[in-house]
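Structure record follows, encoded as structure tokens.
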Amino acid sequence: MDNIRIGLVLPDVLGTYGDDGNALVLRGRARMRGMTADIVPIKLGEPVPDDLSCYTIGGGEDAAQVLAAEHLRADGGLTRAAAASRPIFAVCAGLQVLGVSFHAQGSAVDGLSLIDATTTPLSTRSIGEVSSAPTKAGITRELTQPLTGFENHLGGTVLGPDAEPLGTVRTGNGNGGGAGSARVEGVVQGSVIATYMHGPALARNPELADLILAQALDIPLSDLAPLELPEVDRLRLERLKG
């Protein structure tokens with residue numbers, strides 16, 4: 001039986017917007033398939049194990065971002081996990097922390113540079129429903145379904161040449177970082193998938209959740225046993241129509 005260990009990174013710091021639910025979704029979908037799956041919470045000040053199956057990191061305010069970036073840079077565990085191609089799923093502040101730099105409390109702050117992305121303040125907050133078509137970049141090339149979530153951020157993210165967008169925006173603002181990124185959403189680089197979608201994102205995008213599980217198991221998404229959950233499909237259709 002497969003044993004999935006899901007790292008929930010800094011839930012005490014980056015847990016403002018309910019993104020902890022992404023770890024719960026991964027655990028639930030794994031257990032529905034008969035796998036053993038557990039969540040490993042990693043709190044501020046604790047070392048980040050570099051050998052977990054996958055990792056999730058959520059959103060938070062400026063002060064929380066600074067604390068998270070300082071801890072994760074000094075610890076190095078998440079960086080080693082990325083170097084070992086462990087799947088990492090990051091949302092909003094998590095996206096910014098994994099980038100090259102972001103702004104918080106009026107100053108530029110160094111990120112982990114796991115993704116080639118730089119974030120600076122927008123003139124107005126991006127808030128509301130966002131949907132996109134997957135770009136099928138890197139490890140997301142197997143995705144076929146539209147992506148949907150709720151964005152709430154004041155940072156505009158510009159992608160460098162080593163990063164690719166997760167999706168092409170249909171509704172909402174997405175990364176909103178300038179002419180080259182205004183109509184794209186999220187980031188894909190190596191084993192990292194990052195997005196501005198709250199919701200939690202993996203509850204609203206089950207195919208994306210299954211892609212992360214498949215990556216954790218080192219199998220193609222097509223080899224993962226399907227789940228028949230008509231109520232999830234119905235809710236997704238309502239979100240995409242709205």
Side-chain angles (χ1 to χ4, degrees), residues 4 6 19 21-30 32-33 35 37 53-58 82 85-92 94-95 98 114-117 129-151 157 159 162-176 181 183-242:
I4 305 291
I6 303 156
D19 299 311
N22 290 315
L24 294 171
V25 170
L26 290 174
R27 184 180 69 181
R29 294 184 72 84
M32 287 178 191
R33 293 178 167 96
M35 304 175 196
S53 307
C54 58
Y55 301 79
T56 67
I57 180 170
S85 299
R86 308 283 182 176
I88 300 171
F89 181 69
V91 179
C92 200
L95 179 159
L98 298 190
L114 298 186
I115 50 178
D116 189 7
E129 288 291 313
V130 60
S131 65
S132 65
T135 58
K136 302 187 178 183
I139 63 173
T140 64
R141 62 175 50 91
E142 291 184 272
L143 293 178
T144 60
Q145 299 177 4
L147 300 164
T148 171
F150 187 87
E151 60 182 348
T157 297
L159 306 185
D162 292 332
E164 297 179 271
L166 172 61
T168 302
V169 172
R170 292 177 169 179
T171 60
N173 292 320
N175 293 351
S181 58
R183 301 306 297 167
V184 299
E185 203 289 317
V187 190
V188 179
Q189 185 172 335
S191 63
V192 177
I193 300 173
T195 179
Y196 278 111
M197 296 184 296
H198 298 290
L202 298 185
R204 295 181 59 161
N205 299 281
E207 185 185 44
L208 182 57
D210 284 349
L211 175 67
I212 294 168
L213 282 178
Q215 291 292 324
L217 294 165
D218 196 24
I219 62 172
L221 175 59
S222 56
D223 285 358
L224 199 63
L227 294 177
E228 299 297 330
L229 298 170
E231 64 277 14
V232 173
D233 295 336
R234 185 174 65 252
L235 288 170
R236 264 184 59 77
L237 284 175
E238 290 176 5
R239 289 291 190 184
L240 289 167
K241 287 178 182 177

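Here the side chain of Asn22 pairs no donor or acceptor atom with the backbone of Gly58 at under 3.5 angstrom. Within the 3.5 Å criterion, the main-chain N or O of Asp116 finds no donor-acceptor partner in the side chain of Asp162. Glu185 places a side-chain N or O within 3.5 Å of a backbone atom of Tyr196 that can act as its donor or acceptor partner. The backbone N or O of Pro134 sits nowhere less than 3.5 Å from a side-chain atom of Ser132 that would complete a donor-acceptor pair. Between the side chain of Thr135 and the backbone N or O of Pro165, at least one donor-acceptor pair lies under 3.5 Å. Under the 3.5 Å distance criterion, the side-chain polar atoms of Asp218 are left unmatched by any main-chain donor or acceptor of Gln215. Panel note: side chain Asn205, backbone Thr148; a donor-acceptor pair is recorded below 3.5 Å.
For the salt bridge (Lys or Arg N to Asp or Glu O under 4.0 Å) condition, no pair includes a residue of residues 138-151, sequence neighbours left out.
Closest approach of Ile6 and Arg27 over heavy atoms only: CD1-N, 3.4 Å. Val188 and Thr140 get closest at one heavy-atom pair: CG2-CG2, 3.8 Å. Scanning all heavy atoms of the two residues, the minimum distance from Gln145 to Glu207 falls at N-OE1, 2.9 Å. Nearest approach of Asn175 to Gly186, heavy atoms of both residues: OD1-N, 2.7 Å. Closest heavy-atom contact between Ser191 and Arg86: OG-O, 2.8 Å. When all heavy atoms of Gly190 and Ile139 are compared, the pair lying nearest together is O-CG2, 3.5 Å.
Residues Leu217 and Met35 have side chains in contact (heavy-atom distance under 4.5 Å, counting atoms from C-beta outward). Considering only heavy atoms from C-beta on, Leu229 stays 4.5 Å or farther from Arg234 through its side chain. Between Leu95 and Val187, some side-chain heavy-atom pair lies under the 4.5 Å cut-off. Using a 4.5 Å heavy-atom cutoff, the side chains of Phe89 and Thr195 are in contact.
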Notebook entry, point to check: After noting the C-alpha distance and the side-chain angles of Thr56 and Leu26, does the key distance pass the side chain to side chain contact (heavy atoms under 4.5 Å, CB included) rule?
Noted result: CA-CA 10 Å; Thr56 67; Leu26 290 174; 3.8 Å; yes
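The CG atom of Leu202 sits 10.0 Å away from atom CG of Leu211, with the distance rounded to the nearest 0.5 Å. Note that CG of Asp19 and CE of Met197 are 11.0 Å apart. Values are rounded to the nearest 0.5 Å. With rounding to the nearest 0.5 Å, the separation of CD1 in Ile88 from CD1 in Ile212 is 11.0 Å. Here the CZ-CD distance, from Phe150 to Glu129, works out to 6.5 Å after rounding to the nearest 0.5 Å. Atom-to-atom distance recorded for Leu213:CG and Cys54:SG is 6.5 Å, nearest 0.5 angstrom. Ile193 contributes atom CD1, which lies 5.5 Å from atom CG of Leu208 (distance to the nearest 0.5 angstrom).
Around CG of Asp223, the count of heavy atoms belonging to other residues, nucleotides or ligands within 6.0 Å exceeds 12.
Under the salt bridge (charged side-chain N to carboxylate O under 4.0 Å, His left out) criterion, Arg33 pairs with Asp210, sequence neighbours left out.
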